[in-house]
Chemist: 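Below are the structure tokens for one structure; questions will follow.
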Protein chains: 2
Amino acid sequence: MTIAAIAKEIGLSVATVSKVLNGRPDVAAETRSRVQELIVRHGYRRRSSPSSETSTPVIDVVFETFDSPWAVEIVRGAVAAAQGEGLTVALTSLEEGDERRIWFDHITSRGTRGVILLLSQLTETQRSELHSRRLPFVVIDPRGEPGPHVSYVGATNWAGGLAATRHLVDLGHKKIAVIGGPADLLCSRARIDGYRAALETAGIFLADSLVVRGDFTVVGGYEGARALIARPDRPTAIFAGSDLQALGVFKAAHEAGLKVPEDLSVVGFDDLPIARWSSPALTTVRQPLAEMAAVAVRILLEVGEGGDPTDRRVELATDLVVRESTAAPRCRPSPGRSATEVVSPTRIAEPASG
Amino acid sequence: MTIAAIAKEIGLSVATVSKVLNGRPDVAAETRSRVQELIVRHGYRRRSSPSSETSTPVIDVVFETFDSPWAVEIVRGAVAAAQGEGLTVALTSLEEGDERRIWFDHITSRGTRGVILLLSQLTETQRSELHSRRLPFVVIDPRGEPGPHVSYVGATNWAGGLAATRHLVDLGHKKIAVIGGPADLLCSRARIDGYRAALETAGIFLADSLVVRGDFTVVGGYEGARALIARPDRPTAIFAGSDLQALGVFKAAHEAGLKVPEDLSVVGFDDLPIARWSSPALTTVRQPLAEMAAVAVRILLEVGEGGDPTDRRVELATDLVVRESTAAPRCRPSPGRSATEVVSPTRIAEPASG
DNA sequence: CTGAAAGCGCTTACAG
DNA sequence: CTGAAAGCGCTTACAG
């Protein structure tokens, strides 16, 4: 696609098309939009020279916030995977107010090879623009139900929630609470459903009041736990929904004078680096964040080389990692089990350093 | 700088220079090297079109490892600052084995506006190449003594080490240990020197055996603390050198059955997000990592616009943030002080969320 | 191994 | 508001 080809197709001069591309004001509004439409449809990109790109190719990672170690782990994985393929990772944060409209132009102007979106909810327009420009993109942990033609990468959140809760059930807990994440997050809902399924399977009554809503941050976990701990029939175990929320639960327990795991068992979700180093070390569900990013990079490359851009959906397996934050409830002893033993579904080897 | 200008200066045709740039084989070795020399000296970059770059400009952040939240905070700050200026941040990790030689070519080929190096130690060659290509660069927390013409951004590490240690002295501690970082890190050495200065000022004997070497990771802090705790005359307070090392100290204390701060006071350095959320919350020295990154971005832009590229050296102020991990030693009570009060040098307001 | 010439993709001052 | 024409920075097939 060259400017000349577009000009010919639309019956205009090369000069006029060039003006539209460069945002000059002296073009009739109608002409401009007709040209723009063609540009988008053909996925036109400025050819800096006859030969194909000499510069290092770039893929973009677009995230809403860098606050959480969750995003950090994904970015780290993406950098590692991309670098292995000779690609550079460019970062775009949606935190800054009005960037929501701008990132798209920036990315497309840079001649990106593909876009990885974290937790994002694409508008219909953005989706079709990405498609029409032939720009490969993948969503990691989509915010809402992804459209039918959107590739995404996630983890087995439901199975993870199930494993976490079953672990608590197996230890003998009956009053097990959960602190969920944002309601619109697919992965958050799946974890809670896993929790529900585990309780139902165990024949434990599912009290709605034991399901608390958080936001996946430490503060969210802290506040959720405070509410739960204040209840007269306070739970003996909390599935915290995320590692950050688990840290908040630790904090609330600490303040209330409750010892973990003696007075309160806590399970996280993610297995961030902190999980191993909190005191006590956190029992959690490991999500292979770096691998998820690597898979996303691979999808981008495959699609870039002509693979089918639609319907690539991957969920990577989660594993329960048992550390020190879970134990049998105090009043009802259950068969002893070493606190650092790794149980189902998978046995995880824990390297000493991190 | 255009191909034509170079050709004229060296007395060759435009075609020949073009061939060198594109790595064609049909050029005499001597001709090639003469041209290459000029290219480097003039910092030639392919102009993709008559008008200056239409695509979103990029700055590069090059780091050794993304493991530590320290690097993450800097990257986050750089993304925020860069985006405010309409720039995109590209990430290059030096973790991957042989990338050390490659990153340089990648970066320069991409037409970067500037490079931010974290903790890096540039070789003399790299330094002069960056200079000769007119590529602005800044080092954040340089590994060794930076050369005389290298811009860098850091924090007042010495003052921070001093404030941390004086805080412990003020609480009544006499046996204060320190866990340092890697010996070749300027910032690490400055922190330990600040510690020494505080003890000397207080007239406390400086036992060399209380100075332990770490590596700024959780494991380093854990091992250092284990060694210190095992001593017959174990210290009543540890200045952990970094927040991550402080978490390791917490862990070691927890395992040894020591309570923080009752049995052992701990001070960190960095004020990473975890510091507020550990149990107990960590007293630490705040380093303004995001601002450091913002300053680095600003330097890059100023130099890019013709500012003097040399001798820009900035050290931003650190602040002691007192939380719950420090208290007077058990045996020797000292004047009471609220554990969450913020003391010298600066009073810090602590927002509730994070 | 070198370079004159043709050509490509693009932009812009300017005439209409 | 449009486009013919000049021009820019670059590459490449080809003659020497």
Side-chain angles (χ1 to χ4, degrees), chain A residues 1-58 105-106 108-113 133-135, chain B residues 1-58 105-106 108-113 132-135 304:
Chain A
M1 262 303 121
T2 65
I3 268 191
I6 288 173
K8 190 171 173 192
E9 177 167 347
I10 210 165
L12 284 166
S13 73
V14 173
T16 306
V17 176
S18 171
K19 280 176 200 165
V20 173
L21 277 167
N22 293 292
R24 306 263 143 183
D26 56 340
V27 181
E30 202 236 316
T31 309
R32 161 169 277 116
S33 64
R34 277 201 303 150
V35 171
Q36 259 161 354
E37 206 257 328
L38 256 195
I39 286 168
V40 168
R41 202 158 76 222
H42 289 329
Y44 168 83
R45 276 195 248 148
R46 195 171 190 293
R47 227 179 305 298
S48 60
S49 86
S51 79
S52 66
E53 315 288 334
T54 70
S55 69
T56 308
V58 171
D105 297 333
H106 276 197
T108 48
S109 84
R110 209 184 311 105
T112 293
R113 296 292 168 93
R133 299 203 193 193
R134 304 269 143 72
L135 249 189
Chain B
M1 261 303 120
T2 66
I3 268 190
I6 288 174
K8 190 170 172 194
E9 178 168 347
I10 210 165
L12 284 167
S13 72
V14 173
T16 305
V17 175
S18 171
K19 280 177 201 165
V20 172
L21 277 167
N22 293 292
R24 305 264 145 183
D26 57 340
V27 181
E30 203 236 316
T31 309
R32 160 169 278 116
S33 64
R34 277 200 303 150
V35 171
Q36 259 160 353
E37 207 259 327
L38 255 195
I39 287 167
V40 168
R41 199 156 78 220
H42 290 330
Y44 169 82
R45 275 193 251 147
R46 197 173 188 293
R47 227 180 303 297
S48 60
S49 87
S51 80
S52 65
E53 314 289 333
T54 70
S55 69
T56 308
V58 172
D105 297 332
H106 276 197
T108 48
S109 86
R110 209 184 311 105
T112 292
R113 294 295 168 92
S132 67
R133 299 204 192 193
R134 302 271 142 73
L135 249 189

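Just the heavy atoms: all of them, side chains too, but no hydrogens, waters or symmetry mates, feed the values below. All figures in this text were calculated on a predicted structure; none of them were measured in a lab. First the proteins, then the strands, lettered A, B, ... as listed; each starts at 1.
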Chemist: Sort out for me which residue in Thr16(A), Ile3(A), Val17(A) forms a side chain to side chain contact (heavy atoms under 4.5 Å, CB included) with Val35(A).
Modeler: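 The option that passes is Val17(A).
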Chemist: Represent DNA chain C in dot-bracket notation, 5' to 3'. Only Watson-Crick or G-U wobble pairs with both distances under 3.5 Å count; pseudoknot-style crossings use [ ] and interstrand partners use |.
Modeler: |||.||||||||.|||
Chemist: Taking only residues two or more places apart in sequence or in another chain, which ones pass salt bridge (charged side-chain N to carboxylate O under 4.0 Å, His left out) with Glu9(B)?
Modeler: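 Testing Glu9(B) for salt bridge (charged side-chain N to carboxylate O under 4.0 Å, His left out), a comparison that skips the adjacent residues, returns none.
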Chemist: Between dT2(D), dT2(C), dT11(D), which one does the side chain of Ile3(B) approach most closely?
Modeler: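 Of the candidates, dT11(D) comes closest.
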Chemist: Distance check: side-chain N/O of Thr31(B) vs OP1/OP2 of dC1(C), anything under 4.0 Å?
Modeler: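 For dC1(C), OP1/OP2 do not have a side-chain N/O of Thr31(B) under 4.0 Å.
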Chemist: Among the candidates dG9(C), dG3(D), dC1(D), find the nucleotide nearest to the side-chain atoms of Lys19(A).
Modeler: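 So the side chain of Lys19(A) is nearest to dG3(D).
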Chemist: Touch check for Ala15(A), heavy atoms < 4.0 angstrom, all strands: base, sugar-phosphate only, or nothing?
Modeler: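 Base: the residue Ala15(A), judged by heavy atoms under 4.0 Å, touches a nucleobase.
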Chemist: Would you say dT11(D) has OP1 or OP2 under 4.0 Å from some side-chain N or O of Ser18(B)?
Modeler: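 Yes.
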Chemist: Drop me the distance from Lys8(A)'s NZ to Thr2(A)'s OG1, to the nearest 0.5 angstrom.
Modeler: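 Separation between the atoms: 10.0 Å.
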Chemist: Quick check on DNA chain C: between Asp26(A) and Val14(A), whose nearest nucleotide comes earlier from the 5' end?
Modeler: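 This one resolves to Val14(A).
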Chemist: Choose from dC1(D), dG3(D), dT11(C) the nucleotide whose nearest atom is closest to any side-chain atom of Thr16(A).
Modeler: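 The closest nucleotide is dG3(D).
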Chemist: Return the CG to CD1 distance between Leu38(A) and Ile6(A), rounded to the nearest 0.5 Å.
Modeler: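 The CG atom of Leu38(A) sits 6.0 Å away from the CD1 atom of Ile6(A).
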Chemist: Between dT2(D) and dA6(D), how far apart are the P atoms? Round to whole Å, please.
Modeler: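 Roughly 23 Å separates the two P atoms.
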Chemist: Nearest heavy-atom pair of Val27(B) and Arg32(B): which atoms, and what distance?
Modeler: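 Distance-wise, the nearest heavy atoms are O-NH1, 3.7 Å.
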Chemist: Rounded to the nearest 0.5 Å, what's the gap from CZ on Arg34(B) to CD1 on Ile39(B)? Could you check?
Modeler: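 Taking CZ in Arg34(B) and CD1 in Ile39(B), the distance rounds to 12.5 Å.
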